[in-house]
S.K.: 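Dropping the structure in here first, questions after.
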There are 2 protein chains.
Amino acid sequence: MTGEFEKIDRFLQAFRAAGGRTEGGAVLLGPGDDCALVRSGRPLAVTTDAVVDGVHFRLDRATPRQVGHKALAVNLSDLAGMGARPAAFTCALTVPRGFDDAHLDGIAAGMGSLAARFGCVLAGGNFSGGRELAITITALGEVEGTALRRDAARPGDPVVLVGALGEAAAELAWLEAGRALPPGRSAQHEPEPLVEAGLRAAMTARCGIDVSDGLVQDLGHVAKASGVRVVVELDRVPRSDRFRALASGFSEAQAACWLRAGGEDYALVVTGAAEGVVIGRVEAGAGVVVEGQPAGLALEGFDHFR
Amino acid sequence: MTGEFEKIDRFLQAFRAAGGRTEGGAVLLGPGDDCALVRSGRPLAVTTDAVVDGVHFRLDRATPRQVGHKALAVNLSDLAGMGARPAAFTCALTVPRGFDDAHLDGIAAGMGSLAARFGCVLAGGNFSGGRELAITITALGEVEGTALRRDAARPGDPVVLVGALGEAAAELAWLEAGRALPPGRSAQHEPEPLVEAGLRAAMTARCGIDVSDGLVQDLGHVAKASGVRVVVELDRVPRSDRFRALASGFSEAQAACWLRAGGEDYALVVTGAAEGVVIGRVEAGAGVVVEGQPAGLALEGFDHFR
């Protein structure tokens, strides 16, 4: 088994081989010192998110490349939800003793490939021992105009969806049932952060959020922070071809559940003027109202401790 | 058991009750949105470091307050090693199901108390489920002058130590033997980040590192990055009163080991003009040479995977 510093070198090598950069852009000094050095003339959006084996992924279902991709993607999605341009990130890995170094190569490759696409520079990181594989990323993004905040929804705003809902939850049901996923990009294993859409939305709107814990739960954050009521018209929520394929054979109630409460979609919801599909409206009041939902639905947004 | 959002609220409340801030200074927008917003006119030093139950601490030996303190302290020490002033941090917690919420209060209190002392604002974070308690912090510090880099040591520089060495390793030996630690601040459980010393050193020197993995191993990073040889005169390394108390009853060879290779001290070593104790010199060449060390020592710096 390799030691800590060999692991770091090897990880960085695989990350760079996949196109990822460890210096340049806002990063004045990359990995290898006590700290990285980052410089930006703009306000920085800062987010941190962890993925843990057995919670956010399972190594017996997803490839190491997919795990590395997802660990970074969930953070870039938070930047997208703020309307920020990815600039730099740090990556802290907790790795069990005896963990296969080739898996680490795959994780680095998936992360490097995604980082390269969005020009997000790996500024530093940390390897620690532990009992389970966990990847905690902190991402920094530059805010070029107005940040998309949760507390900026106003009565009269349309609620605009960018991206697809329900696929990740439907895929999870397939995986739990031991079924192989249909071909095509997996929403569960390879979520696509909607960075460009977030940047565009930030030019015309002031309120937005990424949908990571389920549409209704995440809109609840907007309603609470903005002091408004958010009305979702479930019939207007588009169903992607992939979602239809995944949902066929399941009940309409189940499909509606996935759309309104499925987690890990990493779609964006913006209130105000934005490109996308209008799925509801902001009103005076409080809470989230779902119009057009079948009765008797129980599935709520994801909570790690419920 | 509380849910995810109750845990967040409770953690923030305990953090604030201990004096910690979640907004102000460089932090324009604190916890509660997709991202925090941070603004600084200076280059930012960025570091990420994790502490994991059973690796960096043990909840049956340390109090939750001490765990929270240590999780932040190891990151502030990295900022100190760069000569940066703490500004903001994010905190990602992985928490096992059924973990006592009162322990989380203690962790938040220890973290909040330390953060308050150094004006470091909690900008955001994340709670995730998992099998073991792990705390991953990413800290941002403002570089006011020259950053203390590992690659800036030059032949002729003195090697200057700030802080005490060996205490944390000696304490660990006590703990492993089931002995209660002597009274006073525990180096193992309550490491003190030498932030002010780092800031002062950055006004006169250009090279520095925090000693987290053992003096010789960490100086090895300086030697490699700077392309120099670092000579340590072990007889000149000061022994604190606490170290003498901890080492009494152990052999001189063991004591010397702790001084030169004990991890988790979070002292600073600076090369060049700086306040502190001169413990060696930089020469042309490569590697680290320890003068005055007893023969037959085996303990090396800490590696998570050896």
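Numbers restart at 1 for each chain; the letters A, B, ... are given by sequence-line order, proteins then strands. The analysis underlying the following values was restricted to heavy atoms, covering all of them including side chains, and did not include hydrogens, waters or symmetry mates.
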S.K.: Sort out for me which residue in A:Leu79, A:Thr48, A:Leu44 forms a side-chain contact (heavy atoms from CB on, under 4.5 Å) with B:Cys35.
M.R.: A:Leu79
S.K.: Below 4.5 Å, heavy-atom pairs only: which of B:Leu29, B:Leu28, B:Asn75, B:Asp218 has the largest tally toward chain A?
M.R.: B:Leu29
S.K.: Give the member of A:Leu148, A:Asp210, A:Asp53 that has the highest number of heavy-atom pairs under 4.5 Å with chain B.
M.R.: A:Asp210
S.K.: For residues B:Thr47 and A:Asp34, report the shortest heavy-atom separation together with the two atoms involved.
M.R.: OG1-O, 3.2 Å
S.K.: Rounded to the nearest 0.5 Å, what separation is found between the CD1 atom of B:Ile137 and the OG1 atom of A:Thr90?
M.R.: 12.0 Å
S.K.: Identify which part of B:Ala123 has an atom lying under 4.5 Å from any heavy atom of chain A, answering side chain, backbone, both or neither.
M.R.: neither
S.K.: Heavy-atom pairs under 4.5 Å with chain A - which of B:Gly125, B:Cys91, B:Ala134 has more of them than the others?
M.R.: B:Gly125
S.K.: Roughly how far, to the nearest 0.5 Å, is OG1 of B:Thr136 from CG of A:Leu93?
M.R.: 9.5 Å
S.K.: Looking at side-chain heavy atoms only, is the closest gap between B:Arg131 and A:Arg131 below 4.5 Å?
M.R.: no
S.K.: From A:Gln217 CD over to B:Phe5 CZ, what is the distance, rounded to the nearest 0.5 angstrom?
M.R.: 4.5 Å
S.K.: Pick whichever of B:Val51, B:Val52, B:Val27, B:Leu37 has the most heavy-atom pairs under 4.5 Å with chain A.
M.R.: B:Leu37
S.K.: Locate the shortest heavy-atom distance separating B:Ser128 from A:His56; write the atom from each residue and the value.
M.R.: OG-CE1, 3.1 Å
S.K.: Among A:Gly32, A:Gly124, A:Ala147, A:Gly54, which residue forms the greatest number of heavy-atom pairs with chain B at distances under 4.5 Å?
M.R.: A:Gly32
S.K.: Report which part of A:Ser77 has an atom under 4.5 Å of a heavy atom belonging to chain B: side chain, backbone, both, or neither.
M.R.: neither
S.K.: Hey, does B:Val143 have a side-chain heavy atom less than 4.5 Å from the side chain of A:Arg39?
M.R.: no
S.K.: What is the minimum heavy-atom distance between A:Val55 and B:Gly129, and which atoms define it?
M.R.: CG2-O, 3.7 Å
S.K.: Pick whichever of A:Asp33, A:Asp151, A:Val38 has the most heavy-atom pairs under 4.5 Å with chain B.
M.R.: A:Asp33
S.K.: Tell me, out of A:Pro43, A:Ala26, A:Ala36, who's got the most heavy-atom pairs with chain B below 4.5 Å.
M.R.: A:Ala36
S.K.: Checking heavy atoms, do the side chain of A:Val46, its backbone, both or neither come under 4.5 Å from chain B?
M.R.: both
